[in-house]
Amino acid sequence: MNTILCFGEALIDFHGQAPADAGAPPVFVPHAGGAPANVAVGVARLGGHAAFIGMLAHDMFGELLLTQLRAAGVDTSHVARTDAAPTALAFVAHAADGERSFSFYRPPAADLLFREVHFDDATFRDATAFHACSNSLTETAIAHVTVQGMRRARAADALVSFDMNLRPALWPRGEDPTPQLWRALAEADLVKLSTEELAFLMAAGGGEEDVFARLWQGPAQFIVVTDGARGLRWYTRGNHGGLPAFSVSAVDTTGAGDAFIAGLLYRLGDAGIGAKDLARLADDDTRRDDMLRFAAACGALAVTRAGSFAAMPTRDAVHAFLQQHA
Ligand code: ADP
């Protein structure tokens, strides 16, 4: 089975809504989310086999996450549970210009308590890809587990994918995330950054070329830098290019990057592209552009819907969208 393993946090995103009456208290609506959990749901909605690996709390929201992952068709057989900490909560408010601000209730949180012993031997056996993000790098122990997961996936010949997905508010105050980010970036075959995240890496010293030179020192074969409605740029070791975004009217930009990477991982898995074949695929103009267009359609559709899990499109929706936008 071509399983896409998605490792890290599942949490509840509370989305702020404008109160019905001026002066009334703000209203926050709970949505199941967490970047790697979103990606697992995204792959499953597209018809792929996705497994979520992480620690869920034995609390109301842990149950909700487990139920919703299963309802979306995600394999939860590698999920561990704990009573030692509650589910992490993220409150997301939208400014008038659509920009998001976050307030996190983590740590303590269940997802930070996943340890290497919770990876069972069978976890990596059927994996074609292992996907992680930076929210599981915010504490030393979970960062170590994330990197170990990436290494175990590589040893099992799975493609290792990393979406930086930086949420500065999740890091201990005063701690520079850069060293931990580079530990994970140095393990990935497929790297997804946003334009802001590329700028963040540049701010630590050096220009764009220096960041790319450092990425190419690792196993990276394909780097995608996304820029919301402005589309994306892609890079291989010998080539680079861009792809515009589809024109849609955005309702909620949460989850666009997760839907995008889910689309890309789904297509790579479906085509049986592992770490060894990624460079060849990325340099094949027709196949690469076709996969990126599919992934961009997933991202575009995600912004037309509110929520995180709920915003991940189905394969039929993506195909219909691509036909409309042919
Ligand atoms: P992230 O959520 O990681 O910051 P982006 O917002 O850059 O990711 O979105 C990833 C991809 O999803 C973009 O490259 C684009 O193809 C698509 N996308 C995101 N926002 C929009 C939008 N407003 N309109 C159309 N497509 C979008």
Asn239-Thr236 side chain donor-acceptor pair, cut-off 3.5 Å = no
Interatomic spacing from CG in Leu166 to CG in Leu137 - rounded to 0.5 Å = 9.5 Å
Can you list, pair by pair, the side-chain donor-acceptor contacts under 3.5 Å of residues 48-59, counting residues two or more places apart and other chains?
from, atom 1, to, atom 2, distance (Å)
His49, ND1, Thr3, OG1, 2.8
Asp59, OD1, Phe61, N, 3.3
Asp59, OD1, Gly62, N, 2.7
Asp59, OD1, Thr87, OG1, 2.7
Asp59, OD2, Thr87, N, 2.9
Asp59, OD2, Thr87, OG1, 3.3

Mind telling me whether Phe119 and Phe7 have parallel, tilted or perpendicular rings, with 30° and 60° as the class edges?
-> tilted
4.5 Å side-chain heavy-atom contact, Leu113 and Arg115 = yes
Could you list the residues that satisfy salt bridge (Lys or Arg N to Asp or Glu O under 4.0 Å) with Arg151, not counting sequence neighbours?
-> Glu187
Met202, CE: over 12 other non-hydrogen atoms inside 6.0 angstrom = yes
Any side-chain heavy atom of Val211 sitting closer than 4.5 Å to one from Trp182?
-> yes
Not counting sequence neighbours, which residues clear side-chain contact (heavy atoms from CB on, under 4.5 Å) with Glu139? List them please.
-> Pro107, Leu112, Ile142
Here the salt bridge (charged side-chain N to carboxylate O under 4.0 Å, His left out) pairs for residues 12-24, sequence neighbours left out, are none
Check whether the side chains of Thr76 and Arg70 place a donor and an acceptor atom closer than 3.5 Å, and report yes or no.
-> yes
Is a side-chain donor-acceptor pair under 3.5 Å present for Asp316 with Thr314?
-> no
Taking only residues two or more places apart in sequence or in another chain, which ones pass salt bridge (Lys or Arg N to Asp or Glu O under 4.0 Å) with Arg81?
-> Glu63
When you check the side-chain N and O atoms of His15 and Asp252, is any donor under 3.5 Å from an acceptor?
-> yes
Hey, are Glu9 and Asn135 close enough side-chain-wise for a donor-acceptor pair under 3.5 Å?
-> yes
Which pairs would a plain distance check flag for residues 25-35, meaning a side-chain donor or acceptor within less than 3.5 Å of a matching protein atom at least two apart in sequence or in another chain?
none

Any residue meeting salt bridge (Lys or Arg N to Asp or Glu O under 4.0 Å) with Arg280, in chain and number order, not counting sequence neighbours = Asp277
For Glu208, check salt bridge (Lys or Arg N to Asp or Glu O under 4.0 Å) against everything at least two apart and list the hits.
-> Arg233
Of all pairs that satisfy ring-ring contact (aromatic ring centres under 6.0 Å, His included), the ones with a partner from residues 239-259, not counting sequence neighbours = Tyr235-His240, Phe246-Phe321, Phe246-His325
side-chain hydrogen bond (donor to acceptor under 3.5 Å, both in side chains) contacts touching residues 195-204 (sequence neighbours left out) = Ser194-Glu196, Ser194-Glu197, Thr195-Asp227
Compare all side-chain heavy atoms of Leu193 with those of Asp163 and state whether any distance is below 4.5 angstrom.
-> no
Hey, can you pull the donor-acceptor pairs under 3.5 Å for the side chains in residues 257-274, sequence neighbours left out?
from, atom 1, to, atom 2, distance (Å)
Asp258, OD2, Asn38, ND2, 2.8
Tyr266, OH, Arg315, NH1, 3.1
Arg267, NH2, Asp290, OD2, 2.7

Any donor and acceptor pair, going by atom type alone, linking the side chain of Thr253 with main-chain N or O of Ala250 inside 3.5 Å?
-> no
Summary of salt bridge (charged side-chain N to carboxylate O under 4.0 Å, His left out) pairs that have at least one residue in residues 172-184, sequence neighbours excluded = none
Between Ser308 and Thr254, the two heavy atoms sitting closest are OG-CG2, 3.8 Å
pair Phe162-Lys192: side-chain heavy atoms closer than 4.5 Å | no
Beyond-backbone contact of Asp189 with Arg154, side-chain heavy atoms, under 4.5 angstrom = yes
